[in-house]
Structures are given as structure tokens and as C-alpha cells.
Amino acid sequence: MVNENRTVAVVGAGVIGASIAFELQRRGFQVTLIDKGEPGRGTSYGNMASIALDFAAGSGPSTWKKLPRWLVDPEGPVWLRPGYAPKILPWFLRFLAAGRPARLREIEDAGMSLSKTALGDFRTMLDAIRAPDLMTEEGCLAIYETEAEFDADRGHLELMRRYGLEFEVLSNGAIQYYEPTLSPKIAKAVLLPDNKSIRDPYELVVKLTDAARAAGADFVFGEVKSAERSSDGKLAILLENSSCIEADKVVLAAGVHTRFLAEALGEPIPLETERGYHTQIMQPGISMRYSVIWPYRAFMVTPTAGGIRIGGNVELAGLTAPPDFRRPRVLVRHAQRILPDLRVQDTSEWMGHRPALPDTIPIISPSSKIPGVFYATGHGHLGLTYSATTARLIADMVAGVKTSVDIKPFRIDRY
């Protein structure tokens, strides 16, 4: 039986919102999940299907050295549209500040505190929705075309060693043993056995939403205008069509659009969009066992959604600029360099908006101003990875249970 004072409205039906809705409904709350579109059709639709435990802060001395080259290289991993530069400057200054050595270690500790339980939490969630086979058991290969590329990434390997993540350095024939489709010209690779993949990220969100609804949750189509407290003390979600949904608690998990809701509630957050692209190839002519990441080029190739997906990179251009599909085509060319037998047939291209905070770690937090409001946003490249863990932590907070992870680093008022 659900208590009348245990109603929760969750705004956003991507992988974060759907995971939270399912976890709350499973714990006995009455959930209403709200989104302007179908569950899983937003940014979660096109992610790279990767459960990536090897957290890496976005800013820091190594990034600072690369940024000037990246920003002027039209085929580099980061592209800033010139007209957007003045708008993103305040966010960018915060990004640089987050890379100071003292702050960097705090960020790494925080990110890894989520990574520590992410895989176990994900497996628990998949078991609960009766879909354990959605996760592969193969890991990920980080590849390095030259010894110089490998040497440049040693700092990341040291970070993994410091936090106890498993990895194995491979050379020459050992690389082809694990993934025969890779070019024999690749000098080094690192096997990340615990970095798993999801067979179809969209199917995952659909299954989470279906499981929540089967347990009694409601789903409402509608664009959220604002949230406020009503005269009877409940929280009210106001939709653009003038309808209103009341609840005892509200969770805002609408990706980058959460920033507009936060501003309306008087607690602005520096949430930007890192636009990401992918190309889905349904007739690739090869079969891959492992997902592959090329750190130097900052992109991934993942067998998912019935084909092979190539994606990654960052474009800084805001929410409204039209997509520039030259970006994913560059990545396809790079992929053909490391996968020489890859065919590009029966393809589709996609662009989505990663919600990114300047210090790389998400907001998983109660409101600093309005009791009963909670935030789950800003996961950047790790939304899929941290979805189950975020759902568990938010559900603990909503239920008034002590969290197993220190949530202070993820509070909304840290800026």
C-alpha cells in the first residue's frame, strides 16, 4: 500500500529519470514520470552504450596542454563554434578552475566514489527489471596507435591503479587475439575488463519505464514549465498546456533542461550542453566482441543496437544551433583507420545534448532552498554509467535514508 504522502513526480524520462522512477516505485512510492517526448528518445537514445568505471576529470594540467590544439583543429575531439564563445566563457573559466591540483584530487575522489559501486548497482537494476542480458560480459579496449600516445596517457593508468581498477596492458599479437578486427599497426592497448556495454541503450530506458509502470507508476506527456509549492503545502509541477501535477516530492532529472527549472526555483546551476554525435552502422561487414575507445582521438566504437556505433567528441555550440554532421563523419574516417575492414553501409547519424558541469561530477542533491525537491543532472559522459547508482542515492534521499556515499561533493550549492 502506498501512503498518500509518498507521491513523487520525476521530471525527465532519459536513463537517469527512468532509473529513478523505477527505483522509487519499487520502494513503495507512487511515481509520476513526466517528459515532453517518449521515454529514451532524448540524449539517452544515442549514448555510446558504455558502462565506464575509469572516471577521468575533464579539466587538469594535461587537458590544458591539449586544449589550444584541439580548439583550432576542425577534426579535433573538442570543437567550439566561434559565435558561442562569449556565452560559454563563464562556464569555461569554472572548468579551468576545476583543474587546479587540490580541487582535481577532490573531483577524482568524488567521481570514483560513484564508480566504485556503479557496476554492481547496474547489475542489481537489470536483475530487478528482469533484463540481465542487456549488459554484455566483454570489457573495453583502449587503443594507442603509437607508443607516444600510450606514454601520454600514463597519468590515466596511474589514476586507475590508485583507485584499484583492473586493467591489462596488451601489445601487438595480444591485441588481435582479443579483437581481430583491429589494425595490426596499433602499438598498445589496455584491456578494461569491468567496462561493460549495453546491447541497446534505448531498449534499456523502455524496459525501465515499462517496469516502473507495471509496478504502478504513471507516465505523463508534457513539457514542464516550472515547479512551485501549492497552497496546501504540496509541490506542483506546471506544464506548458496549463495542467498541474501535485506531489509530495519532486525529482528534476531533465538533463541539460534542468538548468531552466533550477533557475525558476532560484538556484541557478552552470549546466552546459556538450553536443555529442554518433553514426550507427547496421551493415558494418565486421563483428566486434569488445567496445573500443581511442583516447587520443576521444571517441568510441561500440557494438550496440544491432550494429556498430561510432561516436564521441565534444561540440560546444549551445542548445539551438543546427547539427554539424561533418563531426561524426570525421569519426567514421578515424574508425576505418583502426578497423580496416569496416564497411559504412546502412547508416544513420544522430546528435544529442550531454548535460555537463564544469567540474565533471554530477549534481545528485536535495534542493538548497525548497524542501522536497531533488536534483539529478550533469552526468556528462557518464549518465548511463551512473544511472543505477544515482537512482539508489536519490531514492535514499527521498526516503530519508542515510546514503552509502557522501553526497556533499554532489550538492547543488557547491558553486
Side-chain angles (χ1 to χ4, degrees), residues 43-50 52 54 56 58 63 66-67 69-81 140-146 149 152-153 156 175 179 181-183 185-186 189-190 192 195 197-198 200-202 273-288 290-317 321-354 356 380-385:
T43 299
S44 295
Y45 180 83
N47 67 47
M48 288 307 297
S50 175
D54 54 324
T63 304
K66 300 171 187 173
L67 265 177
R69 172 175 58 84
W70 285 350
L71 291 174
V72 299
D73 181 358
E75 296 193 357
V78 179
W79 176 245
L80 171 62
R81 291 201 190 183
C140 174
L141 289 168
I143 60 103
Y144 304 88
E145 193 174 37
T146 66
E149 284 184 19
D153 205 35
H156 186 56
I175 300 171
E179 189 53 72
T181 57
L182 284 168
S183 167
K185 296 180 181 179
I186 294 169
V190 173
L192 306 168
N195 280 21
S197 296
I198 298 300
D200 190 328
Y202 170 65
T273 169
E274 290 185 357
R275 294 151 60 105
Y277 292 85
H278 85 220
T279 299
Q280 181 76 22
I281 306 174
M282 301 308 292
Q283 296 185 49
I286 59 172
S287 177
M288 295 179 65
Y290 290 83
S291 61
V292 172
I293 185 168
W294 190 354
Y296 180 76
R297 297 289 183 183
F299 79 97
M300 286 192 73
V301 184
T302 307
T304 191
I308 285 177
R309 182 171 295 178
I310 302 167
N313 266 343
V314 169
E315 182 188 37
L316 303 172
D324 180 355
F325 285 114
R326 291 176 298 177
R327 305 293 299 167
R329 291 162 199 166
V330 168
L331 300 186
V332 169
R333 291 204 307 271
H334 291 330
Q336 288 178 302
R337 181 168 175 168
I338 59 171
L339 297 163
D341 295 327
L342 175 66
R343 294 203 306 260
V344 185
Q345 297 178 359
D346 190 6
T347 67
S348 59
E349 295 174 327
W350 175 92
M351 188 273 287
H353 295 277
R354 305 184 194 99
H381 296 252
L382 297 175
L384 181 64
T385 301

Before giving the answer on side-chain contact (heavy atoms from CB on, under 4.5 Å), spell out for Leu342 and Ile310 the whole-Å C-alpha distance, their side-chain angles and the decisive distance to 0.1 Å.
CA-CA 11 Å; Leu342 175 66; Ile310 302 167; 3.9 Å; yes

Stepwise salt bridge (Lys or Arg N to Asp or Glu O under 4.0 Å) check, Glu145 with Arg297:
CA-CA 10 Å; Glu145 193 174 37; Arg297 297 289 183 183; 5.7 Å; no

Show, in sequence, the C-alpha distance, side-chain angles and deciding distance for Met288 and Leu339, and conclude whether the side-chain contact (heavy atoms from CB on, under 4.5 Å) test is met.
CA-CA 10 Å; Met288 295 179 65; Leu339 297 163; 4.0 Å; yes

Residues Ile308, Val301; criterion side-chain contact (heavy atoms from CB on, under 4.5 Å); working and verdict:
CA-CA 7 Å; Ile308 285 177; Val301 184; 3.5 Å; yes

Mind running side-chain contact (heavy atoms from CB on, under 4.5 Å) on Lys185 and Arg337 for me, showing each step along the way?
CA-CA 10 Å; Lys185 296 180 181 179; Arg337 181 168 175 168; over 6 Å; no

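With Glu315 as the fixed residue, the salt bridge (charged side-chain N to carboxylate O under 4.0 Å, His left out) test singles out one of Arg326, Arg327, Arg275: Arg275.
Between atom OG of residue Ser348 and atom NE2 of residue His278 there is a gap of 5.0 Å, rounded to the nearest 0.5 Å. Interatomic distance, Trp79 CH2 to Leu316 CG, rounded to the nearest 0.5 Å: 11.0 Å. Here the straight-line distance linking atom CD of Glu179 with atom OH of Tyr290 works out to 8.5 Å at 0.5 Å rounding. From Ile338, atom CD1 reaches atom CD1 of Ile143 across 4.0 Å, with rounding to the nearest 0.5 Å. Distance check, rounded to the nearest 0.5 Å: OG1 of Thr273 to CZ of Arg354 gives 8.5 Å. Expressed to the nearest 0.5 Å, how far OG of Ser50 lies from CG of Leu192 amounts to 9.0 Å.
The shortest distance between side-chain heavy atoms of Lys66 and Thr63 does not fall below 4.5 Å. Between Glu149 and Asp153, every side-chain heavy-atom pair lies at or beyond the 4.5 Å cut-off. At least one side-chain heavy atom of Tyr144 sits less than 4.5 Å from a side-chain heavy atom of Pro295.
Of all the heavy atoms in Ile293 and Cys140, the pair that sits closest is CG2-SG, 3.8 Å. Heavy-atom minimum distance, Ala52 versus Leu382: O-CD2, 3.7 Å. Residue His156 comes nearest to Ala56 through the heavy atom pair CE1-CB, 3.8 Å, listed as atom of the first residue, atom of the second, then distance. Heavy-atom minimum distance, Thr302 versus Ala49: CG2-CB, 4.1 Å. When all heavy atoms are compared, the tightest approach of Arg309 to Pro201 is NH1-CG, 4.0 Å. Contact record, Ser287 with Thr181: O-CG2, 3.6 Å, taken as the closest heavy-atom pair.
The aromatic rings of Phe325 and Tyr277 sit perpendicular to each other, their planes meeting at more than 60°, with 30° as the lower class boundary. Under the 30°/60° scheme for interplanar angles, the aromatic rings of Tyr45 and Trp350 are found to be tilted.
A donor-acceptor pair is defined here as one N or O able to donate and one able to accept, closer than 3.5 Å; such a pair exists between the side chain of Asn47 and the backbone of Ser44. Counting only distance, with no hydrogens or angles, the side chain of Ser183 and the backbone of Pro340 share no donor-acceptor pair below 3.5 Å. Proximity of a side-chain donor or acceptor of Gln280 to a complementary backbone N or O of Gly306 within less than 3.5 Å is not detected. The backbone N or O of Arg329 sits nowhere less than 3.5 Å from a side-chain atom of Thr279 that would complete a donor-acceptor pair.
Not counting sequence neighbours, Asp346 has no partner by the salt bridge (charged side-chain N to carboxylate O under 4.0 Å, His left out) test.
Using a 3.5 Å distance cut-off with no hydrogens or angles, the side chains of Glu274 and His381 do pair a donor with an acceptor.
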